[in-house]
K.L.:
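Just dropping this structure here.
A quick note: this is a predicted structure, and the numbers were derived from the prediction, not measured. Note that ligands are numbered from 1 as they come in the structure, with each ligand's atoms numbered from 1 the same way.
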Amino acid sequence: MAYTLPPLPYAFDALEPYIDTLTMELHHDGHHAAYVANLNKALEPYPEFAQKPVITLLKELDSLPADIRIAVRNNGGGHFNHSMFWLMMTKNGGGEPVGSLEKEIKKQFKDFTLFQEQFNATAKTVFGSGWAWLVVDKQGQLKIMPTANQDSPISQGLIPVLGLDVWEHAYYVKYHNKRPDYINAWWHVVDWDEIEDNYQHAIK
Ligand code: MN3
């Protein structure tokens, strides 16, 4: 088996009360596990591709055999996005950006509150299932953007720094149809040290 489900780096209840235990359990052991299983299944006839890191597959979607391209886009994207997402959150997270990202956010968005408003607006207006992202673009600039389904910014040549899963499976158990409440709660668990690490890697 080429791809494996990474263990959640904290207990299912670690992000309470902002993200509830049942959601974390279903999201990691159910949804993320299914993306991994479906990715492995799709790549079974193509061992030469199954050896590649998932990030490489997502960067080179067009080079994949046509019959597995959509499965890799959806399930490889799901695996990659969620693997990042768990690490972007932590118990006792929240607050504001640190280090060089703090400076760059101030430079490009004026202040953290304005950045947050823009990110929230993007997250709220994703129609159906998708993600809101802070990415570094090809010019090294920060950019807020949505993606649909499990599409990863990686496939557009962009490097994700911060991402928020706004699929209903990420919040419906606790927040029902109130996606904005979930978005507001999620800021309390963002691991800004991890996001700064992501930013450092992105601008290298
Ligand atoms: Mn999800």
Side-chain angles (χ1 to χ4, degrees), residues 2-43 53-55 57-58 61 69-91 93-94 119-135 144-156 158-191 194-195 198:
Y3 304 98
T4 53
L5 178 67
L8 201 63
Y10 34 73
F12 290 126
D13 64 358
L15 307 180
E16 291 271 10
Y18 306 108
I19 316 257
D20 63 288
T21 307
L22 179 58
T23 295
M24 289 303 292
E25 203 173 331
L26 295 169
H27 201 174
H28 179 271
D29 288 10
H31 295 276
H32 189 173
Y35 297 126
V36 173
N38 290 330
L39 178 64
N40 284 326
K41 202 174 158 201
L43 287 171
V54 69
I55 189 169
L57 299 177
L58 294 174
L61 280 178
R69 207 171 290 152
I70 291 172
V72 171
R73 179 176 168 178
N74 290 339
N75 295 293
H79 178 33
F80 182 81
N81 292 340
H82 287 84
S83 296
M84 280 196 88
F85 185 56
W86 310 130
L87 297 174
M88 289 170 175
M89 300 184 287
T90 187
K91 193 182 180 69
F119 190 96
N120 286 350
T122 299
K124 281 176 197 166
T125 52
V126 170
F127 186 75
S129 299
W131 292 71
W133 299 98
L134 175 68
V135 302
I144 294 169
M145 61 177 283
T147 59
N149 305 311
Q150 292 297 351
D151 289 354
S152 179
I154 288 288
S155 303
Q156 298 177 42
L158 306 164
I159 306 172
V161 171
L162 175 68
L164 175 57
D165 186 344
V166 294
W167 282 56
E168 282 188 346
H169 70 221
Y171 62 88
Y172 209 88
V173 170
K174 181 177 171 83
Y175 295 99
H176 306 149
N177 58 322
K178 298 187 182 74
R179 188 193 286 179
D181 291 356
Y182 158 69
I183 295 169
N184 290 334
W186 171 77
W187 290 107
H188 291 95
V189 296
V190 172
D191 183 349
E194 173 75 11
I195 308 310
N198 291 345

K.L.:
For Trp186, give me all partners under side-chain hydrogen bond (donor to acceptor under 3.5 Å, both in side chains), at least two apart in sequence or on another chain.
P.N.:
none
K.L.:
Taking the Mn ion (ligand 1) as the vertex, what is the angle from NE2 of His82 to NE2 of His27, given to 10 degrees?
P.N.:
90°
K.L.:
Can you tell me which N/O/S atom of Asp165 has the shortest distance to the Mn ion (ligand 1)?
P.N.:
OD2
K.L.:
Check the surroundings of atom CD1 in Ile70: do more than 12 heavy atoms from other residues, nucleotides or ligands lie under 6.0 Å from it?
P.N.:
no
K.L.:
Can His31 and Trp167 be counted as having a side-chain donor-acceptor contact under 3.5 angstrom?
P.N.:
no
K.L.:
Any N/O/S atom from His32 (main chain or side chain) under 2.8 Å of the Mn ion (ligand 1)?
P.N.:
no
K.L.:
How long is the straight-line distance from CE of Met84 back to CD1 of Ile55, given to the nearest 0.5 Å?
P.N.:
8.0 Å
